[in-house]
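Right, one structure below, let's go through it.
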There are 2 protein chains.
Amino acid sequence: MATIQEVSRLAGVSTATVSRVLNNSRGVKPSTRERVLRAIQELDYHPSSMGRNLRLNQTCCVMVILNDITNPFFARIVRTIELTARSHGYHVLLFDSVESDCSASEILDVVTSRKIDGVIFLSSKSNLEEFYRISKECPIVLAGEYVDYLDIPSVSIDNIAAAIEATNHLISLGHRDILYMNTSDKDRLRGYLIALELAGIPIRPELQVESDWTYAGGYAAMEQALRDGLEFSAVFCVPDVAAIGAIKALRDNQVRVPEDVSVIGFDGIEVAEYVDPALTTISQPLEEIGRQAFELWLSLMSKNPLPYPIRVPYNLVRRDSCAPYRER
Amino acid sequence: MATIQEVSRLAGVSTATVSRVLNNSRGVKPSTRERVLRAIQELDYHPSSMGRNLRLNQTCCVMVILNDITNPFFARIVRTIELTARSHGYHVLLFDSVESDCSASEILDVVTSRKIDGVIFLSSKSNLEEFYRISKECPIVLAGEYVDYLDIPSVSIDNIAAAIEATNHLISLGHRDILYMNTSDKDRLRGYLIALELAGIPIRPELQVESDWTYAGGYAAMEQALRDGLEFSAVFCVPDVAAIGAIKALRDNQVRVPEDVSVIGFDGIEVAEYVDPALTTISQPLEEIGRQAFELWLSLMSKNPLPYPIRVPYNLVRRDSCAPYRER
DNA sequence: CTGTTAGCGCGTTCAA
DNA sequence: TTGAACGCGCTAACAG
């Protein structure tokens, strides 16, 4: 590996001049620039980003923290973040907290050791407070989620409004006994409750069940609900993967979707369109969330930060998993 | 941000001693170690990885290069790589070449600028030759794929044998007109051809169709096959996501699966179990591939590299998308 | 057991 | 337009 020193020797100039050529600083005589360029080529020289980063006190790396990259929802956001970051000369460091959601200290260590320039959270379950403290020196952005108790830059849809719309869709089809799946998601649970209340439907707490954010979690939660003898004609499942798992559980228990039970999901992942019945869901603009998250993050380090929170539009995608209510 | 200097001043020792305490070098009097530790705590000091990396000429970062993180196959491998890497003090830098498969130079630049210590490829479509050249100074590992024309460390199943088994499964069910989807995958195509030949089934080139590695790609390819009037009673789809897309295309064209056409996939992604009909497929041990890929990579930088290539077991998972051949 | 010294590779003053 | 010198934060060789 050639260094800037060797280049300078070969070109017969100082390292300062090589550095100037490298960074396109003006004030270099064309002929010497030419010589330097030739030396660089001859030695196949590539500037060391380590030396550069130390000098500039930056890493050009963002860390993306999420709960499970195998959830297509996160994967699609990450893909766009990475693409956008790369086009701005940044790299993405992945941190999948799937097995250790509480290990904030582990993440904090990466931040404080200046291994990264900032953080984009795709999951609000981590202890955001701890990160909020250092967000002045190390910008953080929340993508896909929103918290109201902290002044954290974020880009997301209006989760409560979206959940209201999802629930209203079921209500408008005549359903009144609506199961809500995934109580760990507070915003969407709130939307569900608001919608019921607005429609004058009494709230039955037993219809609020917990699940995790996986196919298997949705399957298990629905199995449990059926075993518990819960009576419902529709389900609002957060997220889509849980909905797909729940549909299989219904099918395995001879409950037809949507004839016997309607199911609506949340996220709008690609496979929702390919399962049978195709999943009705709230679709989020995942690419837009990813792109805007990175750009918001980047702006945070400039003189003119973008205004936040950023709200992006969602929309209800009607497919085949919801049908009008029928007496069973 | 406190530096090692400030810590040494506060503790009344030299920076070398602080460094010794930091790295748990033996030969530090317990009392001074105590003083240093207190100073570190008081200043909330965190060692700068940039300084450290420059000195040690390492980054403790691996780059994972893949074609599309939204493919659950890759996502699951990446998740395990990241988890394993982290447990060894390494971080994972993502490079999703989804929109620019040919940009080897872009990747090479990251490598040669010493921004990472090595590379794990999850896709063999990139120009591996270019990377092979630098693999001495910057180890590379291939995960999930295998190439025989280069001496590249890899961990994967035996793709050809697996493809033979998949095809044989269809043949053993009485199918003879078997569509193969995804000709860009040479190994599995080869297995398909070998299986046909062994069974004495004439090869019909028109039954080998191209697709990309997405739900939509599988859907489009199957639509095209039906439009072309191709006659077949079974399909071997690479990968699972394409198979799921293809199944929907069949369904949308009033072809029943598995009654009219049997479908077998390849990969064993989680959702394959949840679609209807549940997808019969070749299941790969994705977590094992991810873990071993990182450990192989790590060993490449030590004195005792693990032997390679590493072969991991696959297995045929019989579900509901394949049925015995019936005259239509 | 501890301190001094010398870089790792780079960007950036300050002079010339 | 260029070069000398310095320092970013850290570790390691050597000396004491």
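Heavy atoms only: backbone and side chains are in, while hydrogens, waters and symmetry mates are out. The shown structure was predicted, so the numbers you read here are calculated from the model rather than taken from an experiment. In what follows, chains carry the letters A, B, and so on, assigned in the order in which the sequence lines appear, proteins first and then strands, with residues in each chain numbered from 1.
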On DNA chain D, check which nucleotide each of A/G27 and A/T15 is closest to and give me the residue with the more 5' one.
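Nearest-nucleotide comparison on DNA chain D picks A/G27.
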Heavy atoms from C-beta onward define the side chain here; which of [options] lies closest to that of [X]?
{"X": "A/K29", "options": "D/dT2, C/dT12, C/dG3", "result": "D/dT2"}
{"X": "A/L22", "options": "D/dA4, C/dG11, D/dT11", "result": "C/dG11"}
{"X": "A/S19", "options": "C/dT2, C/dG11, C/dC8", "result": "C/dG11"}
{"X": "B/N23", "options": "D/dT11, C/dT12, D/dC10", "result": "D/dT11"}
{"X": "A/S48", "options": "C/dG9, D/dC14, D/dA12", "result": "C/dG9"}
{"X": "A/T32", "options": "C/dC10, D/dT2, D/dT11", "result": "D/dT2"}
{"X": "A/A16", "options": "C/dT4, C/dC10, D/dG3", "result": "D/dG3"}

[N] [atom2] sits how many Å from [X] [atom1], rounded?
{"X": "A/Q58", "N": "C/dG9", "atom1": "CD", "atom2": "C1'", "value": "15 Å"}
{"X": "A/L54", "N": "C/dG7", "atom1": "CG", "atom2": "P", "value": "17 Å"}
{"X": "B/Q5", "N": "D/dG7", "atom1": "CD", "atom2": "P", "value": "10 Å"}
{"X": "B/K115", "N": "C/dC8", "atom1": "NZ", "atom2": "P", "value": "21 Å"}
{"X": "A/I4", "N": "C/dT12", "atom1": "CD1", "atom2": "P", "value": "11 Å"}
{"X": "A/R9", "N": "D/dT2", "atom1": "CZ", "atom2": "P", "value": "19 Å"}
{"X": "B/L43", "N": "D/dG9", "atom1": "CG", "atom2": "P", "value": "14 Å"}
{"X": "A/R20", "N": "D/dT1", "atom1": "CZ", "atom2": "P", "value": "11 Å"}

What closest approach, in Å, do A/Q284 and A/I289 show between heavy atoms, and which atom pair accounts for it?
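Heavy atoms of A/Q284 and A/I289 come nearest at OE1-CD1, 3.6 Å.
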Would A/N23 and A/S25 count as having a side-chain donor-acceptor pair, cut-off 3.5 Å?
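There is no such pair between these side chains.
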With distance as the sole criterion, is a donor-acceptor pair present between the side chains of A/S302 and A/N304 under 3.5 Å?
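There is no such pair (donor and acceptor under 3.5 Å, judged by atom type) between the side chains of A/S302 and A/N304.
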Using the closest heavy atom to pick a nucleotide of DNA chain C for each, name whichever of B/T17 or B/R55 lands nearer the 5' end.
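Nearer the 5' end of the strand: B/T17.
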Taking the nucleotide of DNA chain C with the closest heavy atom to each, which residue, B/L56 or B/V13, is nearer the 5' end?
B/V13
Output yes when at least one side-chain N/O atom of B/R52 is less than 4.0 Å from OP1 or OP2 of D/dG9, else no.
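No, B/R52 has no side-chain N/O under 4.0 Å of OP1/OP2 on D/dG9.
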Is there a salt bridge (Lys or Arg N to Asp or Glu O under 4.0 Å) between B/R86 and B/E82? Walk through the geometry before answering.
CA-CA 6 Å; B/R86 188 135 44 91; B/E82 200 270 323; 2.8 Å; yes
At under 4.0 Å between heavy atoms, what does B/R114 touch on the DNA or RNA strands: base, sugar-phosphate, or nothing?
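Nothing: the residue B/R114, judged by heavy atoms under 4.0 Å, touches no strand.
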Give the ring-plane orientation class for A/F294 versus A/H88, where under 30° counts as parallel, over 60° as perpendicular and anything between as tilted.
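Answer is tilted, since the angle falls between 30° and 60°.
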